[in-house]
Amino acid sequence: MVVDANSSFITWVLYILQSSWPLFLRGAQVTLIISLSGTIIGFLIGVLIGIIRTIPVDHNTNLFKRIVLKIIDYFLLCYIEVFRGTPMMVQAMVIFYGSAMIYGIRMSPIFAGVFIVSINTGAYMAEIVRGGIISIDKGQFEASHAIGMTHAQTMISIVLPQAIRNILPALSNEFVINIKDTSVLNVIGVTELYFQSNSAAGNNFRYFEVFLITCIIYFIMTFTVTRILRYFEAKLDGPSVYTIHGSQTVPEAEIKISKRE
């Protein structure tokens, strides 16, 4: 396809798609890899911190355990506040260049991107998971402790399955944010979608057409991710109608459960 300054907008868009699609494809792949890996690792960090920060401490807890939990809680709180209170772009530059300058650690840009997105997401997920755990009725904690279950057993068998269902919308939101926020990682040389779009735009100086295509690609990725996660949310909700089997004196009954919005 041949284009010149007098070519139409559509012609330029088609030309850019034809000539630069490998750049867009590579950029979208890197964006998805970093955002997906960062969200999963960040979620695991958040679950771990959420469990630790909800360990019950009362007057029956021995002094040593109380002191250790207090110190751990203090450091976890510092981590959460620092990473929630500073922009990810600044964190990326501090960690990437700081680790090379102070400790001599030279990370590859993609590894650094996954690392930065993971610990940034972990700080947000820690509070989201803690909120999900706290939202579970206290009676369930008391009942599990009454039958001799430890805090870990209570979390794994009773609380976390319910809490994770409750925080799925927030997890979906965090994933979508990560897809968009990976664009700031171009400051440390990560060749994600925004970085590749800049390269494509620099080849022909058609910034509007290039970033319009980029905008559509971002929208397709976020829209698809949202729909997939909503599908899993609906699956976790289970069927909307349950049938309770009856007995000789009581007939079976059908119960309809209202779906969550």
Side-chain angles (χ1 to χ4, degrees), residues 33-86 88 91 95 111 113-179 181 225-226 228-238 260:
I33 288 169
I34 292 177
S35 55
L36 178 61
S37 308
T39 304
I40 292 172
I41 297 171
F43 171 69
L44 296 177
I45 293 172
V47 169
L48 183 62
I49 294 176
I51 292 173
I52 292 173
R53 296 200 69 211
T54 52
I55 294 175
V57 178
D58 53 33
H59 61 276
N60 293 323
T61 308
N62 71 60
L63 182 62
F64 176 74
K65 185 178 177 182
R66 269 189 288 174
I67 293 172
V68 170
L69 285 175
K70 193 77 178 171
I71 293 171
I72 293 174
D73 190 61
Y74 173 77
F75 281 108
L76 292 177
L77 191 59
C78 289
Y79 156 68
I80 292 168
E81 293 298 333
V82 168
F83 279 90
R84 278 167 27 120
T86 54
M88 193 161 73
Q91 295 165 14
I95 292 172
F111 177 81
V114 172
F115 179 71
I116 291 158
V117 172
S118 299
I119 55 176
N120 182 277
T121 303
Y124 285 94
M125 290 307 303
E127 287 300 271
I128 293 170
V129 173
R130 193 171 71 90
I133 292 173
I134 291 172
S135 70
I136 304 300
D137 186 72
K138 281 186 177 177
Q140 298 189 30
F141 290 89
E142 292 166 359
S144 62
H145 291 157
I147 60 174
M149 294 179 76
T150 63
H151 183 68
Q153 289 172 328
T154 304
M155 284 291 162
I156 294 169
S157 303
I158 298 173
V159 177
L160 278 182
Q162 300 176 71
I164 288 174
R165 168 59 191 88
N166 291 341
I167 66 175
L168 262 183
L171 179 64
S172 167
N173 191 44
E174 198 62 32
F175 192 6
V176 169
I177 290 172
N178 283 342
I179 289 175
D181 281 358
V225 165
T226 304
I228 291 172
L229 288 174
R230 281 189 185 169
Y231 171 78
F232 283 113
E233 285 176 33
K235 282 289 181 187
L236 286 176
D237 280 343
R260 303 185 195 189

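Note that the coordinates shown come from a computational prediction; the quantities given were computed from them, not determined experimentally. The first residue of the sequence shown is numbered 1, and numbering continues consecutively from there.
Heavy-atom contacts from other residues, nucleotides or ligands closer than 6.0 Å to CZ of R66 number more than 12. Residue-environment remark: CZ (F115) stays at or below the threshold of 12 foreign heavy atoms within 6.0 Å.
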Test V176 against T226 for side-chain contact (heavy atoms from CB on, under 4.5 Å), laying out the working first. CA-CA 7 Å; V176 169; T226 304; 3.6 Å; yes

Determine whether T121 and F43 satisfy the following criterion, side-chain contact (heavy atoms from CB on, under 4.5 Å), listing intermediate values before the conclusion. CA-CA 7 Å; T121 303; F43 171 69; over 6 Å; no

Assess whether side-chain contact (heavy atoms from CB on, under 4.5 Å) is satisfied between Y79 and I45, documenting all intermediate values. CA-CA 12 Å; Y79 156 68; I45 293 172; 3.9 Å; yes

Would I119 and Q91 count as a side-chain contact (heavy atoms from CB on, under 4.5 Å) if you check the C-alpha gap in whole Å, the side-chain angles of each, and the deciding distance to 0.1 Å? CA-CA 10 Å; I119 55 176; Q91 295 165 14; 5.7 Å; no

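The two residues I95 and F83 come nearest to each other via the heavy atoms CD1-CE2, 4.3 Å. Here the shortest heavy-atom pairing between I51 and I133 reads N-CD1, 4.1 Å. Minimum interatomic distance between I128 and I167 (heavy atoms only, all atoms of both residues): O-CG2, 3.6 Å. Between G46 and V129, the shortest heavy-atom contact is O-CB, 3.7 Å. Listed here is the closest heavy atom pair of V117 and G38: CG1-CA, 3.8 Å.
Separation of atoms CG (N173) and CG (L229) is listed at 10.5 Å; rounding is to 0.5 Å. Note that CZ of F75 is 13.5 Å distant from CD1 of I80, once rounded to the nearest 0.5 Å. One finds the SG atom of C78 at 9.5 Å from the CG atom of D73 (value rounded to the nearest 0.5 Å). If you take CE on M155 and CD1 on I55, they are separated by 8.0 Å, rounding to the nearest 0.5 Å. In this structure, CG in D137 is found 8.0 Å from CD in E142, a value given to the nearest 0.5 Å. Taking OG1 of T150 as the start and CD of Q153 as the end, the distance is 3.5 Å to the nearest 0.5 Å.
Here the side chain of S37 pairs no donor or acceptor atom with the backbone of I34 at under 3.5 angstrom. Checked by atom type and distance alone, the side chain of S144 pairs as donor or acceptor with a backbone atom of F141 at under 3.5 Å. S172 places no side-chain N or O within donor-acceptor distance of the main-chain N or O of L168, the cut-off being under 3.5 Å.
Applying the side-chain contact (heavy atoms from CB on, under 4.5 Å) test to I52 and every residue at least two apart in sequence or in another chain returns L48, I72, L76. Residues that satisfy the salt bridge (Lys or Arg N to Asp or Glu O under 4.0 Å) test with E127, not counting sequence neighbours, are R53, R130.
Under the 4.5 Å side-chain criterion, counting only non-hydrogen atoms from C-beta, Q140 is not in contact with V159.
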